[in-house]
Structures are given as C-alpha cells and as structure tokens.
**Student:** 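Please see the structure below; I have some questions.
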Amino acid sequence: MIQAPKGTYDVLPADQPARRLLETHAQRILGAAGYSRIETPAFEATELFARGVGEATDIVQKEMYSFDDGGGRSLTLRPEGTAPVCRAYIEHGMHKLPAPVKLWYLSSFFRAENPQRGRYRQFWQVGAEVIGAAGPEADAELIVLLLELLEEMGVSGTRLRLASLGQPETRGAYRAELSEYLRAHADELAPEVRSRIELNPMRAFDSNDPGTRAVMAGAPKLIERLAPEDAEHFAGVRALLDAAGVRYEIDPTLVRGLDYYTRTLFEFTSDALGAQSGVGGGGRYDRLIEQLGGQATPGIGWAAGVERILLAAPVMPAAAELVDLLVTVAERDSRPARAVAFEIAREARRAGLAAQLELTGRSLKSALKHADRLKARYVAIVNDADTAQLRDMTGGQQHELAGGAVVAAILRGSRL
RNA sequence: GUGGGCGUAGCUCAGCUGGUAGAGCUCCUGGUUGUGGUCCAGGCGGUCGUGGGUUCGAGUCCCAUCGCUCACCCCA
C-alpha cells in the first residue's frame with residue numbers, strides 16, 4: 001500500500017473546520033492591524049536559505065530538501081518563511097512602498113527531520129513580518145498580535161519567554177566568552193554538555209545536570225553584555241508589554257535556530273504540547289535584508305506552527321453541513337425520473353439551496369436513511385417525468401406535486 | 001541519525017501457556033407488494049505489516065525488515 005510520505009499527513013474533511021477557524025482569526029486579527037497576505041513559492045534558490053538562515057544552522061546543515069532543477073541550479077523546498085518574504089520584498093522594490101511593509105502568510109514548509117508529536121516534515125505556519133520599522137513598538141505590537149491569535153484559538157497553558165540577542169558582534173564576543181568560561185569549568189560539566197562547548201555553548205543553560213547547573217549559575221549572560229542602544233531598545237519593548245499587561249519572563253538562555261536574529265527574541269510555549277512545546281516565536285532581523293542584497297532595512301517577525309496551535313487548542317466538534325434538499329427517484333430504473341431529478345437538483349442549487357442528487361442508485365429506503373444522516377430538510381422523490389413527492393424530513397409530512405414545482409415549494413416553506 | 005512502545009476487517013479492539021481468525025461501529029440488502037430516524041435478520045469486508053526460521057501445526061515463539069508513534073537532537 002502506498003502511504004503518505006513519512007512526516008506528512010492528509011488534511012481530511014473533518015480537519016477542515018479547525019484550520020478554517022485559524023485562518024479566519026489570523027485574517028481578522030492581522031488584517032485589522034494593517035497586514036496584507038503574501039504567498040511565496042514553495043521552493044526557492046538554495047542560496048537564499050544558506051545566506052539568510054545561516055550556513056551553520058541545523059536547518060541548512062541537515063534539514064533541507066534540496067534538489068537540482070535539471071539545469072544545474074540547486075533549489076530547496078522552503079524550510080521557513082522569513083527569508084522568502086524578505087526576498088520578495090527586495091525583488092518587488094517594496095522599499096518604495098510607504099513604510100513599514102506589513103505582511104502575513106499561512107503556508108506550508110518542509111524540513112527533513114524525524115517526525116514526532118507536533119513535528120512534521122511538511123508543516124504549516126502562520127507568520128507575520130514588519131519590514132521597515134526599527135522602534136520597539138513594532139516588536140511589542142507583533143508579540144501582542146500573536147498573543148491575541150493564540151488566545152482567540154484557545155491555546156492553553158501558554159508562556160511567553162523574552163530575550164535580546166543584541167547585535168551579531170555582541171553575540172559573537174559573548175559566545176567566545178561563554179565557551180571560555182565553560183572550558184575553564186569543563187571538569188564540572190556533564191559529558192554531553194562538555195562535548196558541545198564549541199558547537200552550541202548556549203545549550204549548557206538547559207542542562208538538568210546538578211554540576212552543570214551550579215556552573216551555569218555563575219556563567220556570564222548575554223543580556224548583561226548588550227550594547228547601550230540594544231539594552232535601551234529591549235527596555236522599550238518591555239515597557240510596552242508591561243503597560244499592555246502582557247505577562248512574560250526574561251529568559252537569557254532563549255536560543256533560536258536561525259542566524260539572522262538581532263535584538264528582540266521571543267517564544268510562546270504551551271504545556272499542552274509534548275516535547276515540541278514551542279507554539280510560535282520570532283524576533284528582530286535588522287541585518288537580513290541587507291544580507292540578501294537589499295538596502296539596510298530593519299525587520300521583525302514571527303511564525304507559529306499550525307499543527308501545534310491545533311494540538312494545544314480545544315477540539316472542535318465537527319459542525320454538520322446544512323443540506324436543504326436531497327433528490328432521489330421512486331424507481332431506480334426510471335430514466336425519465338432520473339432526468340427530472342437531475343434537473344430539480346440543478347434548479348435548486350441555482351435558487352441558492354444546498355441540494356444533492358442521490359448518485360449511487362440506492363433503494364428508496366436507503367436513500368431516506370442517507371438523507372437522514374445528511375440532515376437534509378427535504379427529500380424530493382421523483383415518481384416519473386411529471387410528478388414528485390416532497391417530503392419534509394423534520395415532520396414527515398409529504399405531498400405530491402409537479403416536478404417543476406418542487407423548488408418553489410421549498411422556498412415557500414422555508415421562508416421565515 | 002539514535003533509543004523505547006506498537007503493528008489483527010474502513011474505524012475501535014478481542015484472540016488464554018502455539019491447534020489453521022472474532023466482536024462492536026460503519027457500509028449494503030431485507031423485514032415495510034417504493035418512504036428515514038428505534039429495533040431485528042442477513043451480507044460485504046482480513047495475504048493477522050512484510051520476509052525468513054522453529055514446529056506435525058504460528059496471529060500466538062525466534063530473527064530480520066518496513067511502517068506508525070513517542071523521545072533524544074532540534075525546532076513551528
């Protein structure tokens with residue numbers, strides 16, 4: 001049996017209402033704040049991600065679906081949304097639009113990871129980007145919008161973690177300082193932490209090992225090393241969030257797997273999820289546009305995982321679709337009756353009714369049973385070319401009328 | 001890439017220490033000489049993930065393999 005590829009899944013009809021709700025909320029919340037929807041290609045030049053996301057990141061190193069386009073160019077199924085949006089911003093000269101440019105998207109992304117709860121190889125993200133605004137208001141606004149979306153969806157047990165990374169130079173210097181500190185205390189660290197000192201020293205902050213924790217308590221924090229302007233920007237963001245009554249915690253150990261972040265970094269987690277507890281997060285990327293060949297332009301954005309939001313949100317009962325009319329025939333083999341039934345269904349739809357034609361040739365008993373399950377209000381049973389029975393399924397009353405009068409009778413009957 | 005758990009009808013599952021497959025739901029037909037929602041009866045539907053092995057005999061034991069799932073890692 002051919003199955004969906006590992007880490008992918010079918011969005012079945014029963015799954016649609018919850019997704020549609022998310023899309024509706026995103027459209028309303030972001031649209032009201034002046035964000036326009038954008039859709040970029042599912043694949044891009046590999047170089048876009050190598051340069052944008054960063055050569056050294058896990059995403060670029062081992063998680064990209066890359067392929068040759070047949071002409072010697074390397075393309076990659078997009079693993080994230082910010083770099084493509086920035087590429088589109090540059091390509092279409094959006095810097096000439098009134099700043100800032102505010103965009104949102106709801107798209108699927110691809111990463112070659114081992115799947116688990118809340119983590120797929122093709123997954124969906126809703127994301128928002130503000131390009132061309134450097135002040136802390138943009139940061140705070142974006143955070144508040146994501147919070148509103150999560151609240152609107154009923155995502156439970158959320159926490160907001162906040163940090164500032166400063167500038168890449170600050171971060172580089174800090175990283176060297178931290179590595180040096182860890183090396184000096186190497187014999188007190190857990191082996192797996194020790195082996196990652198050069199690779200990812202920040203992970204040492206997450207360790208549960210007692211010895212490591214003791215060492216980390218005295219370790220230098222990036223937030224303490226921020227340049228004055230960056231510290232001021234961060235204080236500005238915090239002041240706005242405080243004033244808005246948004247609860248958050250400062251987490252100096254917050255790390256994200258993309259190299260382009262500067263200054264503000266944030267992440268919402270939910271304890272309703274499994275190991276993949278992040279529902280959405282983002283940060284500022286003031287160097288990215290320039291790095292991709294545009295004019296130096298500040299930017300900030302977030303992305304939230306659709307699957308994770310849905311996992312952490314209450315399950316939606318599938319609302320039954322309304323069916324006004326099911327059209328069937330009294331005698332399965334009557335061709336004239338079938339022709340009239342076809343015409344009645346068509347006429348009903350043109351009149352704005354939700355009308356279905358019985359298509360499988362079931363017995364009349366079965367057709368009525370079917371209508372009952374569909375929650376159809378009326379069933380039209382076509383006798384022959386001229387007459388039909390119109391049955392009201394709520395009460396069971398039924399009367400005979402001309403086939404051409406069925407739709408009019410329903411419209412009369414359902415008028416309130 | 002690594003580790004744990006699990007793979008029996010479309011779905012949810014049963015099948016004791018090995019004796020050559022079952023239930024409920026769904027679906028279809030009939031009970032109603034065309035008329036639903038309850039009820040009753042019948043029917044459709046399974047190479048027991050796959051391939052080897054042990055055995056007179058394997059869904060049941062052993063090995064391998066594939067898939068799903070959770071976790072590590074990382075992230076949405």
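Keep in mind the model is a prediction, meaning the values are calculated, not measured. So you know, we letter chains A, B, ... as the sequences are listed, proteins then strands, and number each from 1.
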**Student:** Quick check with a 6.0 Å cut-off and a 45 degree axis cone: is A:R225 positioned over the face of A:Y174's six-membered ring?
**Tutor:** no
**Student:** Ignoring hydrogens and angles, answer whether the base of B:rA76 and the side-chain atoms of A:R119 contain a donor-acceptor pair closer than 3.5 Å.
**Tutor:** no
**Student:** I'd like a list of close polar pairs between nucleotides 36-40 of chain B and the protein, N/O only, cut-off under 3.5 Å.
**Tutor:**
from: B:rG36; atom 1: N7; to: A:R391; atom 2: NH2; distance (Å): 3.0
from: B:rG36; atom 1: O6; to: A:R391; atom 2: NH2; distance (Å): 3.3
from: B:rG36; atom 1: N1; to: A:M393; atom 2: O; distance (Å): 2.6
from: B:rG36; atom 1: N2; to: A:D372; atom 2: OD1; distance (Å): 2.8
from: B:rG36; atom 1: N2; to: A:M393; atom 2: O; distance (Å): 2.9
from: B:rG36; atom 1: N3; to: A:D372; atom 2: OD1; distance (Å): 3.3
from: B:rG37; atom 1: O4'; to: A:D372; atom 2: OD2; distance (Å): 2.9

**Student:** Is the base of B:rG57 syn or anti, where syn means the angle lies within 90° of 0?
**Tutor:** anti
**Student:** Please work out if A:E63 contacts a base, only the sugar-phosphate, or nothing of the nucleic acid, heavy-atom cut-off 4.0 Å.
**Tutor:** sugar-phosphate
**Student:** Measuring only the C1' atom in each nucleotide, how far is B:rU8 from B:rA14? A whole number of Å is fine.
**Tutor:** 9 Å
**Student:** I'd like a table of atom pairs between the protein and nucleotides 2-5 of chain B - only N or O on both sides, under 3.5 Å - with the distance next to each one.
**Tutor:**
from: B:rU2; atom 1: O4; to: A:N114; atom 2: ND2; distance (Å): 2.8

**Student:** Expressed as a whole number of Å, how far does the P atom of B:rG45 sit from that of B:rC28?
**Tutor:** 16 Å
**Student:** Taking the nucleotide of RNA chain B with the closest heavy atom to each, which residue, A:A330 or A:G278, is nearer the 5' end?
**Tutor:** A:A330
**Student:** Nearest whole Å is fine: how far is B:rU69 C1' from A:R121 CZ?
**Tutor:** 14 Å
**Student:** Write down the distance separating the C1' atoms in B:rC6 and B:rC13, rounded off to the nearest Å.
**Tutor:** 14 Å
**Student:** A:A371 near the nucleic acid: base, sugar-phosphate alone, or nothing, with a heavy-atom cut-off under 4.0 Å?
**Tutor:** nothing
**Student:** What closest approach, in Å, do A:P220 and A:Y181 show between heavy atoms, and which atom pair accounts for it?
**Tutor:** CD-CG, 3.8 Å
**Student:** I'd like to know if the side chain of A:D15 pairs up with that of A:Y9 as donor and acceptor (distance under 3.5 Å, no hydrogens or angles considered).
**Tutor:** no
**Student:** Between A:R362 and B:rU29, does any side-chain N or O lie under 4.0 Å from OP1 or OP2?
**Tutor:** no
**Student:** Strictly by modelled atom types, are A:E177 and A:S179 linked by a side-chain donor-acceptor pair under 3.5 Å?
**Tutor:** no
**Student:** Looking at every strand, decide which applies to A:R117 at a 4.0 Å heavy-atom threshold: base, sugar-phosphate, or nothing.
**Tutor:** sugar-phosphate
**Student:** To the nearest Å, give me how far apart CG (A:D58) and P (B:rC74) are.
**Tutor:** 7 Å
**Student:** Going by heavy atoms in the side chains, are A:I289 and A:Y89 under 4.5 Å from each other?
**Tutor:** yes
**Student:** At 4.0 Å (heavy atoms only), tell me whether A:Q3 reaches a base, stays on the sugar-phosphate, or touches nothing.
**Tutor:** sugar-phosphate
**Student:** For B:rC62 and B:rA23, measure between their C1' atoms and round to the nearest Å.
**Tutor:** 31 Å
**Student:** Between B:rC66 and B:rU50, how many Å separate the two C1' atoms, rounded to a whole number?
**Tutor:** 7 Å
**Student:** Judged by each residue's nearest nucleotide on RNA chain B, which is more toward the 5′ side, A:G274 or A:G361?
**Tutor:** A:G361
**Student:** So among A:R161, A:K221, A:R159, which one has a salt bridge (Lys or Arg N to Asp or Glu O under 4.0 Å) with A:D251?
**Tutor:** A:R161
**Student:** Within the 4.0 Å heavy-atom criterion, would you say A:R373 contacts the bases, only the backbone, or no part of the nucleic acid?
**Tutor:** sugar-phosphate
**Student:** For A:Q116 and B:rA71, is the shortest distance between a side-chain N/O and OP1 or OP2 below 4.0 Å?
**Tutor:** yes
**Student:** In dot-bracket notation, what is the pairing pattern of RNA chain B, taking Watson-Crick (N1-N3 plus N6-O4 or O6-N4) and G-U wobble (N1-O2 and O6-N3) contacts under 3.5 Å, with [ ] crossing and | for other strands?
**Tutor:** (((((((..((((.....[..)))).(((((.......))))).....(((((..]....))))))))))))....
**Student:** Decide, applying a 5.5 Å centre-distance limit and a 30° plane-angle limit (both strict), whether A:F109 stacks on B:rA76.
**Tutor:** no
**Student:** What is the distance, to the nearest angstrom, from the CG atom on A:L149 to the C1' atom on B:rA76?
**Tutor:** 13 Å
**Student:** In whole Å, what separates the P atom of B:rU47 from that of B:rG10?
**Tutor:** 8 Å
**Student:** Rounding to the closest angstrom, what is the interatomic distance between B:rA21 and B:rG59 at atom C1'?
**Tutor:** 8 Å
**Student:** Please state the P separation for the pair B:rC61 and B:rG24 - nearest whole angstrom.
**Tutor:** 27 Å
**Student:** Is A:R119 paired with A:E113 through a side-chain N to carboxylate O contact shorter than 4.0 Å?
**Tutor:** yes
**Student:** Do A:E80 and A:Y260 meet the criterion of a side-chain donor-acceptor pair at a distance under 3.5 Å?
**Tutor:** yes
